[in-house]
**Q** 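My structure is below; once you've seen it, I'll send some questions.
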Amino acid sequence: MPSTFLGLNTAYTGLVASNAALNTTANNIANIETEGFSRQVVNQGAADAIRTYTSYGCVGTGVDIYGAERVRDVFYDVKYWNNNSKLGEYDKKQYYAGIIENYLDNTQTTKGFTAIFDEMDAALQSLSNNTGNTNYALDFIGKAGNLCEYFNLLYNNFQSMQNDVNDEIKIKVDEINSISSEIATLNKEINIIERDGTSMANELRDKRDLLVDQLSAVVDVSVEEQPVMDDRTGLQTGMNNYIVKIAGGQTLVNGYSYRELECVPRESHQQVNQNDHEGLYDIYWKDTGDEFGVYANSTQGELKGLFEMRDGNNDEAFHGRVAQVDPSAQTVKIQVTDDYLMDISKSTLPLTNGQITVGGDTYYYDKWTFEKTDTGECYYTFELIQDETKNPERIGTDKASQLAKVGEQVDYQGIPYYLEQMNEWVRDYVSAFNAIYGVDGATDYYAEDRSGANFFTGDNKLTGEQYVLDVKLGTDRYDSSQDGYFCLTAGNFNIVKSIENDPSTLATHTVETGGVSKYDIVENLIGLAVDKEKMQFRGCKAEDFLVCLMGDAALNANSANTFQGIYMDIEQTISNNRFSISGVDADEEAANMIKFQNAYNLSSKMISVLCEVYDKLIQETGV
């Protein structure tokens, strides 16, 4: 038989449950604008009934409260994290692609390549009609100097942007380290609260999920939560081991422990691209020293977008197969087969003090030589630095036939790609221009022989001198330590100083035509801008340089804008679905408040009624 006062206790449990639901509703309403907060509900169920051993069997005993739990769907969390990584990648690409378009802008308000090149061509036309007047020569030299300054400025702007991207990479790595530390701390705090098996650290779990949201924008992330078992009893302890993996499955956080990344700037002898800004960062794990592997196909996020923008070379890094190793001389000969590696105007190899990876091991080299055989085979021979501090392991014959590379193949048209394109145009244009300018019999205003002379050259930043450019393009063999057109870049592009200082040394005609009134050299130079037989750039005329680069920039910007818009729309959809489940809705909570208030009032009324019953029973019923 049930207790006489069972009804009072049953009503009391309803009162407690309604009060808990009201408090939870109040908490939801208070956090309606809190970022990352998940709506909470009181998890309750009917209490166990008791047997009465009467004709009516069992009697209910009220309601049990199992605790307040978050309303959250892991499915939408995973969808959000995956999409957020893709959105973060294209956010960065969109931003920097827009800057590249601005740099290449050639509108009427910005004096770009086309305007400068046309001015130089016009000055050349005027010079052809006034070859006897050095004032026209001075004007042409000034306009040619503007072209050099344009490329110098553009090159420096791109390098500065590369340095900005590099700095942002460091910021993102610091952000990853900060988030990993916070997640590990929250893991411990959550387990302390939940180890009794009944309590739920809802607010702390929300903070942890918000950190994972932030982390997913920087790098792709996956999460796993495993229950911690008691080794003695084999039962769950109520605690969980929370594991966070990033960049294609590399463990970042495992329970209370976390790993850190570090950015290591490249030394001067660790260059992988002739055009790279100094001090670019490589990322390593602090605990193991292993590379982070940001170039993996599975890696996504802002970090991937930044690296592709900083290092994107259109999949045109140096790579080949080892043909021969000389252990005594410490040289390695590598055969290449790609067309762009057989054209020196496209070369991006550091001329000296670079690094090369052979069979998975990294070596540092002093210089390299190029050789093209009569059968069309091409080889690069690298002379390794014989210094144990830089190359502690000497290269051996075991590296024969293995793959070799300088830098990574990054299939994106990032900053290195545009720098290489500028270098290629400058090298091809200067080579063609100088070939016409320094033709045999070339003569200046004073009838001085200028055969073999150069008009354009490059400044050697180390020595302060100018390059002689005595190794021409198309040569079957050359050495990186020589003065050749591969030394020329858009950043050091300049006019020969002697011509700048004295316009009368400008060659205008050949001996055969005679007299300063003739202008056969100048006339041939005029045709260089439009004659594809004299010079081609990607199958186009010399004056179409900017059209080619603007086309690349526009396609890349359009692609980034398109994908950024797509992933932004997807994120909005996922966020709406997430909010519909986890978000706090003011109308819904208002309805809950009234519902739980009524339940509370009914439970209170039930207690009042039972009190009257018990009072009648105790006070007025006689024995």
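Since the structure is predicted, the reported quantities are computational estimates derived from the model, not experimental observations. All heavy atoms count here, side chains included; hydrogens, waters and symmetry mates do not.
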**Q** When rounded to the nearest 0.5 angstrom, what distance separates CH2 in Trp285 from CD1 in Ile283?
**A**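 Output value for this atom pair is 10.0 Å.
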
**Q** Between Asn558 and Ala554 (side chain of the first, backbone of the second, donor and acceptor by atom type, cut-off under 3.5 Å), is there such a pair?
**A**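 Side chain of Asn558 to backbone of Ala554: no pair is present.
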
**Q** Are a donor atom and an acceptor atom from the side chains of Tyr96 and Glu168 found within less than 3.5 Å of each other?
**A**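 Present: a donor and an acceptor within the cut-off.
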
**Q** Between Val496 and Thr505, is there a side-chain heavy-atom distance shorter than 4.5 Å?
**A**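 Side-chain contact under 4.5 Å: no.
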
**Q** Assess, by modelled atom type and distance only, whether the side chains of Tyr437 and Asn524 contain a donor and an acceptor separated by less than 3.5 Å.
**A**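 No.
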
**Q** Would you list the pairs meeting salt bridge (charged side-chain N to carboxylate O under 4.0 Å, His left out) in which at least one residue belongs to residues 145-166, sequence neighbours left out?
**A**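 Of all non-adjacent pairs touching residues 145-166, none passes salt bridge (charged side-chain N to carboxylate O under 4.0 Å, His left out).
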
**Q** Could you go through the side chain to side chain contact (heavy atoms under 4.5 Å, CB included) check for Thr352 and Asp366 one step at a time?
**A** CA-CA 5 Å; Thr352 58; Asp366 276 325; over 6 Å; no

**Q** Please check if the side chain of Lys304 supplies one atom and the backbone of Thr299 the other of a donor-acceptor pair under 3.5 Å.
**A**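 Yes; judged by distance alone, with no hydrogens or angles, the pair exists.
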
**Q** Carefully, step by step, assess Gln564 and Asn561 under the rule side chain to side chain contact (heavy atoms under 4.5 Å, CB included).
**A** CA-CA 5 Å; Gln564 195 273 347; Asn561 291 334; 5.8 Å; no

**Q** So Val173 and Phe292, side chain to side chain contact (heavy atoms under 4.5 Å, CB included) or not? Walk me through it.
**A** CA-CA 11 Å; Val173 169; Phe292 178 54; over 6 Å; no

**Q** Which label fits Phe433 and Tyr429: parallel for a plane angle under 30°, tilted from 30 to 60°, or perpendicular past 60°?
**A**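 Aromatic pair Phe433/Tyr429 classed tilted.
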
**Q** Nearest 0.5 angstrom please: Met535 CE to Glu543 CD, how far?
**A**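 Reported value, rounded in 0.5 Å steps: 11.0 Å.
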
**Q** Side-chain donor-acceptor pair under 3.5 Å between Asp520 and Thr510, yes or no?
**A**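 There is such a pair between these side chains.
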
**Q** Less than 4.0 Å between a side-chain N and a carboxylate O, is that true for Lys399 and Asp361?
**A**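 Salt bridge: yes.
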
**Q** Can Lys541 and Asp531 be counted as an ion pair, charged N to O under 4.0 angstrom?
**A**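 Salt bridge flag = no for Asp531 with Lys541.
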
**Q** Centroid separation under 6.0 Å, is that true for the rings of Tyr478 and Phe486?
**A**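 Under 6.0 Å, so yes.
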
**Q** Charged N to carboxylate O below 4.0 Å: is that the case for Glu260 and Lys286?
**A**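 Salt bridge: yes.
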
**Q** Could you state the interatomic distance from CG (Asn492) to SG (Cys148), rounded to the nearest 0.5 Å?
**A**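 Answer rounded to 0.5 Å: 10.0 Å.
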
**Q** Taking Val336's backbone N and O only, do any of them form a donor-acceptor pair with Arg321's side chain (distance below 3.5 Å, no angle check)?
**A**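 Answer holds: no.
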
**Q** Under the salt bridge (charged side-chain N to carboxylate O under 4.0 Å, His left out) definition, can you give me all pairs with a residue in residues 422-439, not counting sequence neighbours?
**A**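 For residues 422-439, and leaving out neighbouring residues, the salt bridge (charged side-chain N to carboxylate O under 4.0 Å, His left out) pairs sorted by first residue read Lys346-Glu424.
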
**Q** Judged by atom type as modelled, is there a donor-acceptor pair below 3.5 Å linking the side chain of Ser559 to the main-chain atoms of Leu555?
**A**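 Judged by distance alone, no pair lies under 3.5 Å.
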
**Q** Ignoring hydrogens and geometry beyond distance, is a side-chain donor-acceptor pair present between Asp459 and Asn494 at under 3.5 Å?
**A**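 Side-chain D/A pair, Asp459 to Asn494: present.
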
**Q** Establish, from distance only, whether the side-chain atoms of Arg538 and Gln421 form a donor-acceptor pair under 3.5 Å.
**A**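 Yes - a donor-acceptor pair under 3.5 Å links their side chains.
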
**Q** Could you tell me whether Glu89 and Lys92 have a side-chain N and a carboxylate O separated by less than 4.0 Å?
**A**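 So Glu89 does not pair with Lys92 through a salt bridge.
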
**Q** So, for Glu316 and Gln409, which heavy atoms are closest and what is the spacing to 0.1 Å?
**A**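 Glu316 and Gln409 have their closest heavy atoms at C-OE1, 3.9 Å.
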
**Q** Using 0.5 Å steps for rounding, measure from the NZ atom of Lys532 to the SG atom of Cys540.
**A**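 With rounding to 0.5 Å, NZ (Lys532) is 6.5 Å from SG (Cys540).
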
**Q** Quick one, Gln386 and Asn391 - any side-chain contact, counting heavy atoms below 4.5 Å?
**A**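 No, every pair of side-chain atoms sits at 4.5 Å or beyond.
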
**Q** I want to check a possible cation-pi pair here: Lys143 against Phe140, using under 6.0 Å from ring centre and within 45° of the ring axis as the test.
**A**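 No, cation not above the ring by the 6.0 Å, 45° rule.
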
**Q** Do Asp552 and Tyr417 have side-chain N/O donor and acceptor atoms under 3.5 Å apart?
**A**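 Yes, side-chain donor-acceptor contact under 3.5 Å.
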
**Q** Is any side-chain heavy atom of Gln159 closer than 4.5 Å to one of Asp276?
**A**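 Counting from C-beta outward, Asp276 and Gln159 never come under 4.5 Å.
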
**Q** Quick check: are there more than 12 heavy atoms from other residues, nucleotides or ligands sitting under 6.0 Å from CD of Glu377?
**A**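 Check passes, neighbour count above 12.
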
**Q** For Val468, does its backbone N or O pair with a side-chain atom of Asn454 as donor and acceptor, under 3.5 Å?
**A**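 Yes; at least one donor-acceptor contact below 3.5 Å.
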
**Q** Considering only residues two or more places apart or on different chains, which pairs with a residue in residues 294-336 satisfy ring-ring contact (aromatic ring centres under 6.0 Å, His included)?
**A**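 Residue pairs with at least one partner in residues 294-336: Tyr295-Phe307, Phe318-Tyr380, Phe318-Phe382.
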
**Q** Is the backbone of Gly414 close enough, under 3.5 Å, to the side chain of Arg310 for a donor and an acceptor to pair up by distance?
**A**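 Flag not set: sc Arg310 to bb Gly414 has no pair under 3.5 Å.
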
**Q** Specify the closest pair of heavy atoms between Gln402 and Asp398, including all atoms of both residues, with the distance to one decimal.
**A**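 Heavy-atom minimum between the residues: NE2-O, 3.0 Å.
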
**Q** Which heavy atom of Leu549 sits nearest a heavy atom of Leu104, and at what distance?
**A**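 So the minimum-distance heavy-atom pair works out to O-CD1, 3.9 Å.
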
**Q** Looking only at the side chains, is there a donor atom on one of Glu420 and Asn313 sitting less than 3.5 Å from an acceptor on the other?
**A**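 Side-chain D/A pair, Glu420 to Asn313: absent.
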
**Q** Compute whether any side-chain donor of one residue and acceptor of the other, for Asn460 and Glu465, lie under 3.5 angstrom apart.
**A**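 No, no side-chain donor-acceptor pair sits under 3.5 Å.
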
**Q** Determine whether a donor-acceptor pair (N or O, by modelled atom type, separation under 3.5 Å) exists between the side chain of Glu308 and the backbone of Gly305.
**A**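 It does not hold such a pair.
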
**Q** Please answer whether the main-chain N or O of Ala247 pairs with a side-chain N or O of Asp220 as donor and acceptor at a distance below 3.5 Å.
**A**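 At least one qualifying donor-acceptor pair exists.
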
**Q** Ignoring hydrogens, what is the shortest heavy-atom contact between Ala317 and Glu408? Give both atom names and the distance.
**A**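 Nearest heavy atoms, Ala317 then Glu408: CB-O, 3.3 Å.
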
**Q** Using ring centroids (six-membered ring only for Trp), state whether Tyr150 and Phe493 fall under 6.0 Å.
**A**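 No; Tyr150 has its ring centre 6.0 Å or more from that of Phe493.
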
**Q** What is the distance from atom OH of Tyr136 to atom CG of Asp139, rounded to the nearest 0.5 Å?
**A**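 Rounded to the nearest 0.5 Å, the OH-CG separation comes out at 8.5 Å.
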
**Q** Heavy atoms, side chains only, cut-off 4.5 Å: are Tyr485 and Ser345 in contact?
**A**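 Result no, sub-4.5 Å side-chain heavy-atom pair not found.
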
**Q** Is it true that Tyr364 and Gln270 share a donor-acceptor pair across their side chains at a distance under 3.5 Å?
**A**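 Short answer, yes.
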
**Q** Checking Gln330 side chain against Ile395 main chain: does a donor-acceptor pair fall under 3.5 Å?
**A**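 At least one qualifying donor-acceptor pair exists.
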
**Q** Can you find a heavy atom in the side chain of Phe455 that is under 4.5 Å from one in the side chain of Leu506?
**A**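 Result yes, sub-4.5 Å side-chain heavy-atom pair found.
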
**Q** What is the distance from atom CD of Glu500 to atom CD1 of Ile141, rounded to the nearest 0.5 Å?
**A**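 Here the interatomic distance stands at 7.5 Å.
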
**Q** Would you say the side chains of Asn84 and Ser216 form a donor-acceptor pair under 3.5 Å?
**A**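 Note: Asn84 and Ser216 side chains meet the donor-acceptor criterion.
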
**Q** Taking the six-membered ring of Tyr379, is NZ or CZ of Lys333 closer than 6.0 Å to its centre and within 45° of its axis?
**A**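 Yes; both conditions hold, so Lys333 lies above the ring face of Tyr379.
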
**Q** Is a donor on one side and an acceptor on the other found under 3.5 Å between the side chain of Asn273 and the backbone of Leu349?
**A**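 It does not hold such a pair.
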
**Q** Could you check Ile176 against Ile246 for side chain to side chain contact (heavy atoms under 4.5 Å, CB included), going step by step and ending with a plain yes or no?
**A** CA-CA 10 Å; Ile176 292 174; Ile246 61 172; 4.3 Å; yes

**Q** Which heavy atom in Ala490 sits nearest to a heavy atom in Asn152, and how many Å separate them?
**A**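 Heavy-atom minimum between the residues: O-ND2, 2.8 Å.
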
**Q** Kindly state whether the ring of Phe113 and the ring of Phe117 have centres lying under 6.0 angstrom apart.
**A**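 Yes, the ring of Phe113 comes within the 6.0 Å limit of the ring of Phe117, centre to centre.
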
**Q** Would you call Asn314 and Tyr412 a side-chain contact if the rule is heavy atoms closer than 4.5 Å?
**A**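 Counting from C-beta outward, Asn314 and Tyr412 never come under 4.5 Å.
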
**Q** For atom OH of Tyr95, decide whether the heavy atoms of other residues, nucleotides or ligands shown that lie under 6.0 angstrom number more than 12.
**A**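 Open.
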
**Q** For Asn146 and Glu119, work out which heavy atoms get closest and say how close.
**A**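 Nearest heavy atoms, Asn146 then Glu119: ND2-OE1, 4.5 Å.
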
